[in-house]
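Values below: every heavy atom of this structure, side chains too, minus hydrogens, waters and symmetry copies. One-based numbering, in listed order, for ligands and for the atoms of each.
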Amino acid sequence: MQRLPIILDSHFVYNADPTLAAPALIERPEWTALQGHFEAVHARSLRELFQADGERERHFSLEAAGLYFDFSKHRIDRSTLPQLIALARACGLAEHIEAMFTGAKINTSEKRAALHTALRAPRTSQIFLDGVDVVPGVHEVLDQMGRFALEVRSGAWLGHTGRRIRNVVNIGIGGSDLGPAMAYEALRPYSLPELRVRFVANVDASDFAESTRDLDAAETLFIVASKTFTTLETMTNAHRARAWVRTQLGPDAQVARHFVAVSTNHEAVSAFGIDTANMFGFWDWVGGRFSMDSAIGLSTMVAIGPAGFAELLGGFRQMDEHFRHTPFEANAPVIMALLGIWYNNFFRAQTAAVLPYSQYLRHFPAYLQQLTMESNGKHVTHAGKKVDYQTGPIYWGQQGTNGQHSFYELLHQGTRLVPVDFIGFCRNPDATPADQDLLIANLFAQGAALAFGKTEAEVLTAGSDRALAPHRAYEGNRPSTTILAETLSPATLGSLVALYEHLVFTQGVIWDINSFDQWGVELGKVLAQGVVAELANPSPTGAGHDVSTAALIARYRTLRGP
Ligand code: F6P
């Protein structure tokens, strides 16, 4: 029987002993079988595949957690998914899923659990980590967030001068910004219209300046969101905010009335001058990019209210349950993850596009970039061995239909294969049915055009000039998933985010990489400290810097002036 490098209890520690390590991915018989299958399938066009199987739409679609998935426009036949699923089984996906949900320390390089699923666990459930049930703590923080959100929303929370709060500014970066910023934008129709919510992330002073230029400090509350409370960008902006409040309200202003914190770092929050009664905690088992449903989502809860936030968590939970309990053959995150591997590792696609046909989801691609690329942009296995296959693809995208008038030309006519996820909604509170028909017609049309294209013969029949026919023809055969939901509600958003969280995890299991650490961001941070010291040094030496960096520092100093 095959030995898996994972143990189903919360004391799991990855065993790097090579005799216990799983076989290398590309040496698995399931991988070799897929390689053979790819040779047979990749030459078949989507036109052919649709002609050969009149029931593709029925066979390759499913519903989960309020979302409908159409996988039929993929370059697969009926035997492809079973073979991909066999690979997932061989990699121990079922055991890894259970390990994640039960608090095993699957983030092996940081020796931590990745228990973001506990953030949406029902109050009545129990999840043990190192012998302690984490669920009561989760709900304690949710209750604390709820009380605070209601105070701000009702006007009971007053600023230093006694005025109610009308502006909430979230200061954070990476996972402490992208998720909340995306969710606020996505759920605007559910947000309190009298409350303005803004997000400051960039250490570039212009971000803070532009976000606060038209605000009155007496009516502004800052949420300083940082898991570590040491992140340079966030702490710089938090200090800017404190100075801005004092400039407007006087040096003795009660700063505590204008600042709350979301963090795991009690001491640093207190040292900053924030009353720890107004600190909302979370835990080291929540990764930054998996944290938008933790206290990091405080701005979301203030905007949409505790009931709306509970609906959001409900959507996450539905997808969690689907992922944990549904056979792989009908499991949406598993199928999406496996299709991603099919294109990434067999078709050698370099990127994946996410194209939401909703203005409200305009920040969704940016949010997904951190979730997918910080998680699966890895080059060594759990055991520290360099991989000999591609890991995470580059994710990118933009809301439809804007992208159609920008980069879709490359999707249709370029030389690269770019698998696409289309996301659409049947109803939109801002739109008449006819408005929404127009938007969604574009989504459906793009999926069909990408898949089936238009041959030169068809172009000629339609009256094209012979010389222009090659230019006007569409090769087609470009794959896409279509995800359709009734409306973009808090619950739908939760399902959608959990879908991608589990997709990322599934792919990480198959590639045998740690989807939960992020050592790659450290080197730049450390080097920046040396550079900033050199920029401030009255007598710079250039020592310790390579010649290119030293020359850039020198030129910058000259142009910057004293
Ligand atoms: O630099 C990367 C990172 O560590 C992300 O993983 C994280 O989301 C972000 O920085 C912000 O970290 P923090 O919440 O600790 O300020």
List ligand 1 atoms under 4.0 Å from [X], heavy atoms only on the residue side.
| X | answer |
| --- | --- |
| Val521 | 1 (O), 2 (C) |
| Thr228 | 13 (P), 15 (O), 16 (O) |
| Gly288 | 8 (O) |

Of all the non-hydrogen atoms in the protein, which one sits nearest to [atom], and at what distance?
| atom | answer |
| --- | --- |
| atom 13 (P) of ligand 1 | Thr231 OG1, 3.3 Å |
| atom 8 (O) of ligand 1 | Gly175 N, 2.7 Å |
| atom 9 (C) of ligand 1 | Ile173 O, 3.6 Å |
| atom 6 (O) of ligand 1 | Glu374 OE1, 2.7 Å |

Under 3.5 Å, side chain of [X] to main-chain N/O of [Y], donor-acceptor pair present?
| X | Y | answer |
| --- | --- | --- |
| His379 | Lys386 | no |
| His96 | Gly92 | yes |
| Asn345 | Gln390 | yes |

- Message: Less than 6.0 angstrom from the centroid, inside 45 degrees of the normal: does Arg112 satisfy that with respect to the ring of Trp283?
- Response: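 Ring-cation test returns no.
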- Message: Against ligand 1, does Glu522 come closer than 4.0 Å with any heavy atom?
- Response: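 So Glu522 does not count as touching ligand 1.
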- Message: Contact between ligand 1 and Lys525 is defined here as a heavy atom of the residue under 4.0 Å from a ligand atom; is it met?
- Response: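 In this structure, Lys525 qualifies as a contact of ligand 1 - some heavy atom is under 4.0 Å.
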- Message: Asn376 and side-chain contact (heavy atoms from CB on, under 4.5 Å): which single residue from Asn344, Val504, Leu503 fits?
- Response: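 Going through the options one by one, the only one that passes is Val504.
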- Message: Using side chain to side chain contact (heavy atoms under 4.5 Å, CB included), reason through Tyr389 and Asp512 one step at a time and then give a plain yes or no.
- Response: CA-CA 11 Å; Tyr389 42 85; Asp512 186 22; 4.2 Å; yes
Please list, one pair per line, the donor and acceptor atoms closer than 3.5 Å that link side chains of residues 176-186 to other protein atoms, with sequence neighbours excluded.
{"residue": "Glu185", "atom": "OE1", "partner": "Arg188", "partner atom": "NE", "Å": "3.4"}
{"residue": "Glu185", "atom": "OE2", "partner": "Arg362", "partner atom": "NE", "Å": "3.2"}
{"residue": "Glu185", "atom": "OE2", "partner": "Arg362", "partner atom": "NH2", "Å": "3.4"}

- Looking at ligand 1, does any of its N/O atoms fall within less than 3.5 Å of an N/O of Ser226?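 Looking only at distances, the answer is yes, because the N/O contact criterion of under 3.5 Å is met.
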